[in-house]
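Structure record follows, encoded as structure tokens.
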Amino acid sequence: MSDKLAILGGKPVRDEFLPYGKQCIDEEDIESVVKVLKGDYLTTGPNVREFEEKVAQYVGAKYAVAVSNGTAALHAACFAAGIQEGDEVITTPITFAASANCVLYQGAKPVFADIDPKTYNIDVKDIERKITDKTKAIIPVDFTGQAVDLDKIMELADRYNLTVIEDAAHALGTEYKGKKIGSIAHMTEFSFHPVKHITTGEGGIVTTNDEELYKKLSLFRTHGITRDKELLVNKEQGSWYYEQLDLGYNYRITDIQCALGTSQLEKIQKFIDRRRELVRKYNEQLSDIDGVITPYEEVYSNSSWHLYIIQLELEKFKAGRKEIFEALKAENIGVNVHYVPVYYHPYYQKLGYKKGLCPNAEKLYECMITLPLFPKMNDRDLDDVVKAVNKVLSYYRK
Ligand SMILES: *Cc1c(COP(=O)(O)O)cnc(C)c1O
């Protein structure tokens with residue numbers, strides 16, 4: 001291709017910027033929110049319960065507790081797992097900071113296990129190497145939507161008496177060995193941020209089959225306060241009476257948000273089908289480009305695809321990832337990098353984490369680029385992305 005790169009003053013592949021992710025809201029969604037605004041409850045009301053029931057049913061779990069965002073959901077799960085000062089929790093560095101921050105919130109220590117260079121998910125063998133007598137839990141992340149190897153992780157957890165909190169913020173609708181994730185780990189967290197599979201604006205949920213965990217999660221969402229007669233310490237009180245049994249937070253989600261969530265959930269299969277179709281097209285058109293590595297998926301996973309990430313074989317190019325990234329962006333393609341390894345952040349460096357901790361994760365970070373993926377993307381949008389990748393890489397190829 002002889003087209004001049006946009007970053008060098010040429011005409012961009014697209015006139016309009018294509019974001020990497022975006023929500024999909026229709027008239028039904030809008031109507032369901034307006035209905036709540038005209039009704040009696042704005043916050044905790046019938047729509048919260050309904051949304052929880054629908055999500056639990058969708059993932060095949062007994063219980064669900066919806067909260068204000070996915071990070072709050074992870075925090076609540078850490079609380080319910082009894083994680084506290086002195087404990088260690090193993091997670092991956094290739095994730096959003098929230099997967100590790102939730103451990104710090106509870107005064108415990110995140111321990112990073114390296115990733116598998118093929119799937120980019122946490123390496124189960126490295127989890128086992130990092131287990132000590134302080135380890136209390138594992139927070140595996142279904143990165144990009146691909147399921148972690150849950151059988152192996154649950155087997156480790158059984159053997160070492162650990163709680164598994166699955167961070168499935170990327171993976172609502174993903175199947176592991178033919179079964180939806182959400183009831184396999186002890187607790188599973190989902191996020192409803194606008195770039196995720198369905199949205200409530202901000203929102204998150206924890207699903208579980210364990211009644212004890214369910215009660216703790218519910219308590220944590222509302223300051224640790226309960227009116228449940230079964231839980232009260234002083235039972236002989238009037239009906240006004242409530243008690244704070246633990247230190248919780250206000251992590252409530254509103255009825256407005258949950259009405260949107262329920263309406264969105266009805267369309268999830270359509271959203272996932274479109275994401276899978278786009279990924280198939282990306283794979284078809286990108287896997288033959290010299291210097292590009294497309295995603296690999298294990299047979300046990302059927303991903304619902306939150307992110308589409310390519311790796312660049314940088315030795316084949318005259319430019320580094322940074323230049324290639326900026327060149328794609330100048331073509332009006334909303335590229336991104338997911339993620340900066342968590343322990344690279346200055347806050348974590350100050351806590352004493354050193355670079356070199358997880359070599360596979362660090363190597364992946366150097367050469368990965370996230371391409372746009374969301375259900376509303378049309379085939380022309382996808383063609384533009386492929387065109388831009390070809391244009392930029394052929395210019396920089398050695
Ligand atoms: C989105 C996300 C979360 C939760 O984020 P919120 O914005 O708080 O809903 C947690 N972990 C990962 C990996 C995520 O991508």
With under 30° as parallel and over 60° as perpendicular, where do the rings of [X] and [Y] fit, or are they tilted in between?
X	Y	value
Phe143	Tyr339	tilted
Tyr348	Tyr353	tilted
Trp305	Tyr308	tilted

Exercise for review: Decide whether a cation-pi geometry holds between Lys196 and Phe190; the criteria are a distance under 6.0 Å from NZ or CZ to the six-membered ring centre and an angle within 45° of the ring axis.
Suggested key: no
Does [X] reach the side chain of [Y], with side-chain heavy atoms less than 4.5 Å apart?
X	Y	result
Asp151	Tyr176	yes
Lys398	Lys318	yes
Glu362	Tyr344	yes
Thr207	Tyr63	no
Ile30	Ile25	yes
Ser304	Thr174	yes
Glu166	Ile153	no
Ile139	Cys78	yes

Point to revise | Leu260 vs Gln257, side chain to side chain contact (heavy atoms under 4.5 Å, CB included): CA-CA, chis, key distance, verdict | key: CA-CA 5 Å; Leu260 177 58; Gln257 291 166 298; 5.8 Å; no
Check for a donor-acceptor pair, side chain of [X] on one end and backbone N or O of [Y] on the other, with a separation under 3.5 Å.
X	Y	answer
Lys216	Ala77	no
Arg252	Thr222	no
Asn332	Asp15	yes
Gln244	Gly224	no
Asn47	Cys258	no
Asn360	Ile115	yes
Glu128	Lys125	no
Glu243	Leu232	no
Asp87	Gln84	yes
Arg276	Ser303	yes

Check your understanding: Does any pair with a residue in residues 333-360 pass salt bridge (charged side-chain N to carboxylate O under 4.0 Å, His left out), and if so which ones, sequence neighbours excluded?
Key -> none
**Study point:** His338 and its ring pair (Phe, Tyr, Trp, His ring centres under 6.0 Å) partner, picked from Tyr20, Phe96, Tyr365
**Key:** Tyr20
Give the cluster check for [X] versus [Y]: same hydrophobic cluster or not, with ILVMFWY residues linked at side-chain heavy-atom distances below 4.5 Å.
X	Y	value
Leu74	Leu217	yes
Met154	Val206	no
Tyr396	Val385	yes

Review point. Looking at Ile7, Ile369, Leu393, which one forms a side chain to side chain contact (heavy atoms under 4.5 Å, CB included) with Leu328?
Key: Ile369
